[in-house]
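Contents: one structure, followed by commentary.
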Amino acid sequence: MFPTNKALATQHLEEFLPRAGIDYTSTRNYDYGRGWRQNVSMLSPCVRLRLLPEWEICRKALAHYKISQASKFIDEVCWRTYWKGWLEQRPSVWATYLTELKSELTNRFDGSEYHKITEGNSGIKFMDTWTRELKETGYLHNHTRMWYASIWIHTLKLPWVLGADFFMRHLLDADPASNTLSWRWVAGLHTPGKCYLAQADNIRKFTNGQINPDIQLATEPAELALSTIQPEPERLTHSKPLPTQGRIGLLLHDEDLSAASWLKQTSNCESIAGILPVSDYRCHKLSASVTEFRSACLKETLAENDGTYCTTVEAVLDWAQATKLDHVIMAQPSVGIWSEVLPTLETAFNTQNIQLTTKRHWWDEQLFPHATAGFFKFKKAIPSALTQLETPLLKL
Ligand SMILES: Cc1cc2nc3c(=O)[nH]c(=O)nc-3n(C[C@H](O)[C@H](O)[C@H](O)COP(=O)(O)OP(=O)(O)OC[C@H]3O[C@@H](n4cnc5c(N)ncnc54)[C@H](O)[C@@H]3O)c2cc1C
């Protein structure tokens, strides 16, 4: 259902682009139901892995349209960069989410309602339809995600962290930043005083009357502990210069497969490998379909680059030793599952005297520092990043 390599993802984008202007602006909020989603791109599982990175999508959109015509689509694509930049500067929000999740899963939560909903057996027909779609396809429309999260938190009064975790397990595009922060936004934790309350009329309208909620939806926000309200942004770490001497290897990973292009161009790489940290995926209980999709994308990218597929840090170390590497370079992974993997990798390389250097793409370097407050402040920095897309060689 979703492309697993760059060529197919690009073709999918090219086919969507004629609808990415005024049509997207006026219809993107409609969820016409499974199989009828031509009004949105459905590219998020590929964008999540940066099989198609944000800057390439924007560049292609601007080749089709004037900036004013494609601005809604470009804004949505940039929401992803915004969420990532925001979390990157507040790693404690991810850590707190994990702690609260663990506590809800083990101590405090009576799970009967939770199990009924997540098994698609809640008796609320439209929620069960959405749950089935999520588990069977790994995708939900953006508006439906908002309704689902709102009903979960404000109407059913279930802990938001359990809902975020349920999405993380099943969405093919599951992303620690976009998912956790969107749930926090719906809950009212992102912008204090503002939450998202789903309304029956709005659901009827934007599903073209296909869904008519048969339960009373909350009209007041659920009361939440405000302990997880946003901390002050931390300073972003700067990438170190890339090595220029010695034997260099490129390590790809599920946070940025586009490094096979932009990072490879910068160094004389002797060898390429890729890692999907499947045991960490298991710890976070990501579903088999998420693991399989990402594994397929990574394997296809590696096949195009004659690279070695790894699923453990030990296998990466074997590759680095077998190819006699002095340095390994990789795209800087974002806060999330990689917050646990990266230190292990660094320690393993240190023991073998192999230098690990991580690098952010210039798009992130340029835009992340603007993700300190709300999206509307961040948005002002987008035009300047877009003008640089015309530079023939990507600046690092
Ligand atoms: C509760 C909740 C949880 C979410 N969890 C995730 C998640 O784990 N991963 C994820 O990628 N998105 C998440 N989103 C954002 C959004 O719902 C999806 O990115 C979008 O539905 C993907 O569908 P599409 O590719 O057809 O989007 P399109 O409308 O075609 O948009 C194009 C691209 O822009 C990006 N995008 C669009 N809207 C958003 C947004 N609001 N936030 C961030 N990026 C956006 C996506 O990469 C998307 O592929 C979540 C939203 C909510 C409300």
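What's counted below: heavy atoms across the whole structure, side chains too, no hydrogens, waters or symmetry copies. Remember, it's 1-based here, ligands and their atoms both numbered in the order they're listed.
Residue W79 places no N or O, backbone or side chain, under 3.5 Å from any N or O of ligand 1. In terms of polar-atom proximity, M146 is not counted as a contact of ligand 1, lacking any N or O under 3.5 Å from an N or O of the ligand. Ligand 1 has no nitrogen or oxygen under 3.5 angstrom from a nitrogen or oxygen of H141. For ligand 1, one of its N or O atoms has an N or O atom of M42 under 3.5 Å away.
Both the backbone and the side chain of N142 come within 4.0 Å of ligand 1, judged by heavy-atom distances. Counting heavy atoms closer than 4.0 Å to ligand 1, residue I57 contributes nothing at all.
Salt-bridge annotation for R48 and D175: present, with a side-chain N of the basic residue lying under 4.0 Å from a carboxylate O of the acidic one. Taking the charged nitrogens against the carboxylate oxygens, K379 and D75 do have a contact shorter than 4.0 Å, which makes a salt bridge. Between D128 and R132 no salt bridge is recorded (no basic side-chain N to carboxylate O distance below 4.0 Å). Here R50 pairs with E54 in a salt bridge; the nearest charged N to carboxylate O distance falls below 4.0 Å.
Evaluated by nearest non-hydrogen atom to atom 43 (C) of ligand 1, the leading choice among W160, F16, W83 is W83.
Counting the atoms of ligand 1 from 1 in the order shown, those under 4.0 Å from a heavy atom of L140 are 21 (O). Here is the list of ligand 1 atoms found below 4.0 Å of a heavy atom in L171: 5 (N), 8 (O). Atoms of ligand 1 found under 4.0 Å from any heavy atom of L43, numbered from 1 in the order shown, are 25 (O), 49 (O). The contact set between ligand 1 and F73, taken as ligand atoms under 4.0 Å from a residue heavy atom, comprises 32 (C). Atoms of ligand 1 found under 4.0 Å from any heavy atom of R80 (numbered from 1 in listed order, with element): 43 (C), 44 (N), 47 (O). Within ligand 1, the atoms closer than 4.0 Å to a non-hydrogen atom of W183 are 1 (C), numbered from 1 in the order shown.
In terms of protein heavy-atom proximity, atom 28 (P) of ligand 1 is nearest to Y24 OH, 3.5 Å. With respect to atom 27 (O) of ligand 1, the closest heavy atom belonging to the protein is S41 OG, 4.1 Å. Looking only at heavy atoms of the protein, atom 36 (N) of ligand 1 is closest to E76 O, 3.2 Å. Scanning the protein heavy atoms around atom 3 (C) of ligand 1, the nearest turns out to be N179 OD1, 3.4 Å. Of all protein heavy atoms, the one lying nearest to atom 6 (C) of ligand 1 is R145 NH1, 3.3 Å. Given atom 46 (C) of ligand 1, the protein heavy atom at minimum distance is S44 CB, 4.1 Å. For atom 2 (C) of ligand 1, the closest non-hydrogen atom on the protein side is S182 CB, 3.4 Å. The nearest heavy-atom contact from the protein to atom 33 (C) of ligand 1 is V77 CG2, 4.0 Å.
Aromatic rings of W83 and H190 (six-membered ring for Trp) have centroids within the 6.0 Å cut-off, being under it. Taking the six-membered ring for Trp and the full ring otherwise, the centers of F167 and Y148 sit less than 6.0 Å from each other. Taking the six-membered ring wherever Trp is involved, the centroid distance between the rings of H170 and F166 falls below 6.0 Å.
Side-chain N or O atoms of H12 include one that pairs as donor or acceptor with a backbone N or O of S41 at under 3.5 Å.
In this structure, K72 is not positioned above the aromatic face of Y24 in the sense of NZ or CZ being under 6.0 Å from the six-membered ring centre and within 45° of the axis. Seen from the ring of Y139, R145 counts as a face-on cation partner, given the 6.0 Å and 45° thresholds. A cation-pi arrangement, defined by a distance under 6.0 Å to the six-membered ring centre and an angle within 45 degrees of its axis, is absent between R34 and W36.
Contact annotation: Y139 has at least one heavy atom less than 4.0 Å from an atom of ligand 1.
No side-chain donor from either of N39 and R28 sits under 3.5 Å from a side-chain acceptor of the other. A donor and an acceptor atom, one from each side chain of S334 and K84, are located under 3.5 Å apart.
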